[in-house]
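Each remark here refers to the structure printed beneath this line.
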Amino acid sequence: MADTREESEPLLNRARGGSGRDCPRGVPTCSNVQEGPGAMARRDLCLDQAVVLIEDAIQYRSINHRMDARSLWLHRRYYSSTSQWILSFTIFLILALAFVETPSSLTRTSDVRYRPDPWEAPCGLTEGIEALCLLVFVADVSVKSYLIGWAQFRRNPWLLAYLVVLVVSLLDWVVSLSLVCQEPLRVRRLLRPFFLMQNSSMMKKTLKCIRRSLPEMASVGLLLAVHLCLFTVFGMLLFTGEKDAGQDRERLTYFFNLPEALTTLLVLLTTANNPDVMIPVYSRNRAYAIFFIAYTLIGSLFLMNLMTAIIYNQFRGYLMMSLQTSLLRRRLGTRAAYKVLSSVTAEGEAHPERLGVKPEDFLKVLQKVQLDSDHKQAITEKLHSRSGGLLSADEFQKLFDEFDKRVIKEHPPRPQYQSPFLRNTQFVFGHHYFDYLGNLMALGNLVTICVFLVLDAHVLPKDRDDFVLGILNCIFILYYLLEMLLKVFSLGLRGYLSYPSNVFDGLLTIVLLVLEISTLAVYGFPHRGWKPAMLGLLSLWDMTRLVNVLIVFRFLRIIPSMKVCVQVRRVTALLLSQLMSLVASTILDLIKNMRAFGGILVVIYYVFAIIGISLFRGVVVAPRNSSLASDNGSAPCGSFEQLEYWPNNFDDFAAALVTLWDVMIVNNWQVFLDAFRRYAGP
């Protein structure tokens, strides 16, 4: 994110629209065409500048960029939805290449005992796709550098890093082709996550916040290191193995030497090996529990929570600063747009400082702005609701407050029927109680499936009789079809499709109906002894039962939209409804706001997966192929081999991601540590 000092420069200075170094001379701008044939060109340029400035304000972008006609055209094309979609797809494509490149992840399983030889892409295939992606990134950085100018480009560390990463990637790509794709290490694979980070302003803010948190985190990390070292020394002095067998077992297993003791207590800091590490000496003398309890209290419950508190405090403060900076960018963009539009109004006036913006000019600009129709309509209605006259700066600014409001979409009007019977029918089946009945039926369908799954748990598939369940599912599917048709009748087709929940239910109903008709056509109507699974490798009836489970999502779509009423007699039920709605809306908001942190997690996983493949690829081998790997029967209890963790390895990118996930959960992560230490070396 650009520094706020950049935003304090005068609006529309020479670098943005004058005849300065970043804007070639002779280009008509909003400030150098005053009269004559160029007056219309000046007016059009001013409107285009206002369009770009408003779009910058909407997206919280910096307005430090060129403002001549050609640059404005390029700016709008670059930030169009099509261009940004192409850029996002390119980033996704170059990151996804890791699944296909050597070592390929295109196998059914990652278990070293059963994994077949994967399909490897021929040399030049993935490299060709990667070259196209790099060319898109070259075009991206070229357009960005042109739009902001060389002076701003030199002060932007992200764009400079972008250029360096591209140069290194292209050089490494040339080396790969020179060595016929047999190079031992591809440096550019480690650099690919940078393309994801530089394209997300929120990820940049998150990284900046993490960087600002490092000093305080380092102080707590130092305390953790001192805590770990002190208790390691205490442990080696306590568990010498001279008094009894329990101490000797503790020493040989967990405190044999300094590295072993450090590793043991490091794992204990995450509580992954608790209480295993304590049992040998605790079984002999309960006083030894004080050592492990004190270590866990100080390390896990105090220092680790202190680290979490520091991170939370830093992120909370930086979030407030980020919101203020984003608000400043929006206000600067709208203020600059107001200045540009007011200059159009000021032509030929004796006192231009007293003027404002003509509503018709603003409406012309608004029609060109890349904005959803709902917000455009809300701003237009707010503009028409005011009295006539020019827009002042405050009024112009208040129009953009509509961006921060959630627009409630109005559903199409319901069809009008002349018959009283049809109107009554429409009222009944258009009432929200009819939705409650549909949810109740979906719950009943799910309950019946669960009941039969429990009853048939000990019955072999070939011996199951699906007669009753088949009849019940036929009834439920017919009800779903009837419910869909009645809703279409009550709301109209457009009104029915205006609800996302109805679209979801309708698609499910159609899929269920098609599968049910196919099942009846292939297997006949359900009867006693009906066993469709015996008629083929893949039973359509099994597919129908699987799709039925999706009906449970009918409940998920109603939770956020629950309304809180004020009737006192329903206070208990409505309070529960309110709490459910609050929890559901909070979860949805968390998912939306965690995208930046999810992106950081993707970057960390990607980098560590590539490093893990470089370090540990092929070190875990099947038991029959190595003397290091013992059979399951002779392996120690709780070891990598005894737990059969063979699918967890770094032999390909997909397996590396799953292994890193298992390690991040910290449950039994010491098993992976021990295994890779034995297979790859200490």
Side-chain angles (χ1 to χ4, degrees), residues 373-374 377-378 381 406-449 469-517 520 525-526 544 547-582 584-585:
S373 58
D374 296 324
Q377 183 179 358
E381 292 176 354
R406 291 185 178 181
V407 179
I408 301 177
K409 296 183 179 181
E410 295 184 359
H411 300 284
R414 297 187 178 188
Q416 300 293 329
Y417 297 106
Q418 300 298 328
S419 172
F421 173 77
L422 294 180
R423 288 200 299 268
N424 293 333
T425 305
Q426 181 186 30
F427 174 79
V428 171
F429 296 111
H431 200 273
H432 62 273
Y433 283 153
F434 187 62
D435 292 333
Y436 296 159
L437 178 61
N439 294 329
L440 184 62
M441 295 294 292
L443 177 62
N445 191 0
L446 183 64
V447 169
T448 56
I449 294 175
L469 185 59
I471 294 295
L472 290 176
N473 276 285
C474 286
I475 297 173
F476 281 117
I477 292 173
L478 289 176
Y479 173 80
Y480 299 151
L481 177 62
L482 180 63
E483 179 189 25
M484 181 182 69
L485 296 177
L486 290 174
K487 283 187 176 181
V488 172
F489 165 79
S490 302
L491 304 174
L493 182 60
R494 291 182 55 203
Y496 179 84
L497 296 177
S498 65
Y499 294 88
S501 57
N502 287 341
V503 175
F504 177 74
D505 294 340
L507 289 176
L508 276 179
T509 301
I510 294 174
V511 172
L512 287 170
L513 184 63
V514 171
L515 289 176
E516 183 66 19
I517 294 175
L520 295 178
F525 196 78
T544 305
V547 175
N548 278 334
V549 178
L550 296 177
I551 303 299
V552 73
F553 289 108
R554 297 170 67 95
F555 294 98
L556 298 181
R557 52 97 174 173
I558 68 168
I559 293 177
S561 60
M562 286 183 175
K563 306 298 181 182
V564 180
C565 202
V566 295
Q567 286 88 342
V568 179
R569 63 179 181 271
R570 300 179 181 177
V571 64
T572 304
L574 292 174
L575 179 60
L576 178 61
S577 172
Q578 183 182 14
L579 292 175
M580 293 175 62
S581 178
L582 177 62
S585 60

Y433 vs Y436 aromatic rings, parallel, tilted or perpendicular, using cut-offs 30° and 60°?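 Judged by the thresholds at 30° and 60°, the geometry between Y433 and Y436 is tilted.
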
Could you label the plane-to-plane angle of the F489 and Y417 rings as parallel, tilted or perpendicular, counting under 30° as parallel and over 60° as perpendicular? parallel

Which pair of heavy atoms, one from [X] and one from [Y], lies closest together, and at what distance?
X    : Y    : result
I477 : L512 : CD1-O, 4.0 Å
Q426 : R414 : NE2-CB, 3.6 Å
G492 : P415 : N-CD, 3.7 Å
M441 : Y479 : CG-CE2, 3.5 Å
G506 : M484 : CA-SD, 3.8 Å
Y496 : L491 : N-CB, 3.9 Å

Say you draw a straight line from [atom1] of [X] to [atom2] of [Y]; how long is it, rounded to the nearest 0.5 Å?
X    : Y    : atom1 : atom2 : answer
L482 : L478 : CG    : CG    : 8.5 Å
T425 : L422 : OG1   : CG    : 6.0 Å
N502 : D435 : CG    : CG    : 7.0 Å

Positive for side chain to side chain contact (heavy atoms under 4.5 Å, CB included) with S490, one of F427, F429, F434: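 Checked F427, F429, F434 against S490; only one passes side chain to side chain contact (heavy atoms under 4.5 Å, CB included): F429.
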
Can any side-chain N or O of E483 pair as donor or acceptor with the backbone N or O of L437 at less than 3.5 Å? no

